Amino acid sequence: MPEERSLNFLEEIIEEHLKNGTYKSIVTRFPPEPNGYLHIGHASSICLNFGLTKKYPGYTNLRFDDTNPETEETEYVESIREDVRWLGFEWKHERYASDYFGTLYEYALKLVDKGLAYVDDSTSEEMASMKGTPTQPGMNSPYRNRTIEENRDLFVRMRNGEFPDGSRTLRAKIDMAHPNMLMRDPVLYRIKQAHHHRTGDKWCIYPMYDMAHGQSDSIEQVTHSICTMEFVPHRELYDWLIEKLEIYPSHQYEFARRNINYTVTSKRKLLQLVNEKHVTGWDDPRMPTISGLRRRGYTPESIREFCKKIGVAKRENLVDVGLLEFCVREHLNKIALRRMVVFDPLKVVITNYDKKEEMVISENNPEDISAGSREIPFSGELYIEREDFMENPPKKYFRLAPGQMVRLKSAYIIRCDEVIKDSAGRITELHCTCIPGSKSGLDTSGVHVKGTLHWVSVKHAITAEVRLYDRLFRVEDPADEADDFKNYLNPYSLQIINKVYAEPALKTTTTNQRYQFIRKGYFMMDKDSHSGNTVFNRIVGLKDSWKPQT
RNA sequence: UGACCCGUGGUGUAACGGUAGCACUACAGAUUUUGGUUCUGUCUGUUAAGGUUCGAAUCCUUACGGGUCAACCA
């Protein structure tokens, strides 16, 4: 049954456009600047733009907004491509704002010829001082009334490299008293003798965002140019330029960027974390980047589901990271293979176990019978989790305690008879007895236990390294704090356990295979693994509703 | 002192003048060879005050609260 879903405000607009014939099909674009890695906030925009053209006739372009050669690099272009594809989307055309530098230059000339743009020799300081403030009008530049001929001559010479960086700009001639600061003769072109990652040294003038973005949309005949709310004031300029240039009228629509608690989603801040080594790189599994989430073990399906659940709207928001975790658990529960791994071992000796060893059978995934089952070696010497035993248990403690019984998952019910300690009083091992006839699947013992523990046979166990991750920050909104957001980093965001004990089936781990370590959480092998040491990242823990009484 | 955008449970999002719903979280219970999963139930909401209307979360006004805008960044 298809779920009855209400439309978000953009879908409503598009359905209206399709219905009233404004468009027969739509074109959207995802327009990253290649100056950083994509993060979970971008995922929302990607799902939105590509999702719209999956739902409605049309297509989506991937367009790199590469108009600032000083910050942009090919490395970022490649990571962005990979991330979009990994999320499950394919673009119709791959474009670059730099593809349009020639056209954009012609557009600028057209504005000059129409008397709508002029070359300004003011320094950036002078320009700032004449700009006014949000509450006070600005003043006209002394260069504002140059003739069209003079402007054309100067602009062509700007392009020809006759002037040094920062010495002149091309500005739109609008209104220095406009209530919208962006309409106070915005800079359209600046001089930068910089090497561009695609056009090399061909250009020494580069268009500003406002002179490039809407024009690129127009060239690509984008029908719905979707961006975040901070661009609302730009819309007036976006429309003004399209009107004066007399080009295809793309239209801009804005939605509120998604913020997530206990993290930051700003490329500038993420770059700081990387550069200052607070994390190991853009793909550190604690990072909210797509590459970080991917390395951590998140699935694209779960991220898409998350984006769908948080929706699209125009109001400020701070989404609970718990929802992302819910989405990944929901997916992983269905696909993860179950394995038993003991993190902090406590030895259990089964004193009445008379066989040397045997194989027991366990299902790979109780949610999916087609995942089959596997054999696990069982013997008289096992490891269980140290925290699964208490000498003086509280009420409703379902695990092991002196005289208490538990089920060993897929094996026997055991009872704890004796606690062995060393001279310092530390528990070194437990002596237990196996309940006759309690073997899993063939249980005739009639014994009922509340607790089931994971375990591993001592002599068959293999070892591995496990990395447990927690939220990167201690506060919900680090960017909102008065002082440096880095003061709020969580010092316990990474915990490494060098040696855990795993059942032998984990020896053949493969890349991208997700596991549920029973009662421990979901895990995936990390790229730091090598032949002598397998490393597992904890993707997310299991929901844990147990809390000790009192 | 300006302009623009936005206010629905703890969080996110619906209801388009006609019963405030869904999801997450939290809590309680049932089931369970994972204290997982699954199932059931409970708590919590229209920023405020006026107005229009038979009827307002929805339309209007004002107030209040939050956000954005003074880069040769995007």
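First the proteins, then the strands, lettered A, B, ... as listed; each starts at 1. Computed from a predicted structure; not experimentally measured.
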Participant: Can a cation-pi geometry be assigned to A:Arg399 and A:Trp546, taking NZ or CZ under 6.0 Å from the six-membered ring centre and within 45° of the ring axis?
Facilitator: yes

Participant: Does anything in residues 361-375 of chain A form a salt bridge (Lys or Arg N to Asp or Glu O under 4.0 Å)? List the pairs, not counting sequence neighbours.
Facilitator: A:Glu363-A:Lys409, A:Arg374-A:Glu503

Participant: Taking N and O atoms by type only, does the side chain of A:Arg399 place a donor or acceptor under 3.5 Å from a partner on the base of B:rG35?
Facilitator: yes

Participant: Which heavy atom of A:Ile413 sits nearest a heavy atom of A:Val447, and at what distance?
Facilitator: CD1-O, 3.8 Å

Participant: OP1 or OP2 of B:rA74 versus the side-chain N and O atoms of A:Arg190: is any pair under 4.0 Å?
Facilitator: yes

Participant: Quick one: is A:Arg315 getting a side-chain N or O under 4.0 Å of the B:rG12 phosphate, OP1 or OP2?
Facilitator: no

Participant: Regarding B:rG36, can its base be found pairing with the side chain of A:Glu367 as donor and acceptor, where the two atoms are less than 3.5 Å apart?
Facilitator: yes

Participant: By the definition ring pair (Phe, Tyr, Trp, His ring centres under 6.0 Å), identify the one residue from A:Phe101, A:Tyr189, A:Tyr105 that meets it with A:Tyr206.
Facilitator: A:Phe101

Participant: Does OP1 or OP2 of B:rC73 have a side-chain N or O of A:Lys192 closer than 4.0 Å?
Facilitator: yes

Participant: Examine B:rU32: is either OP1 or OP2 under 4.0 Å from a nitrogen or oxygen in the side chain of A:Arg407? Give yes or no.
Facilitator: no

Participant: Between B:rC5, B:rG67, B:rG35, which one does the side chain of A:Arg519 approach most closely?
Facilitator: B:rG35

Participant: I'd like to know if A:Arg338 reaches the base of B:rU34 with its side chain, counting only an N/O donor and acceptor under 3.5 Å.
Facilitator: yes

Participant: On RNA chain B, check which nucleotide each of A:Gly132 and A:Tyr209 is closest to and give me the residue with the more 5' one.
Facilitator: A:Gly132

Participant: Can a side chain N or O of A:Arg235 be found less than 4.0 Å away from OP1 or OP2 on B:rC4?
Facilitator: no

Participant: Output the single nucleotide from B:rU34, B:rA70, B:rG67 whose closest atom is nearest the side chain of A:Thr452.
Facilitator: B:rU34

Participant: Does a nitrogen or oxygen in the side chain of A:Arg329 sit under 4.0 Å from OP1 or OP2 of B:rU34?
Facilitator: no

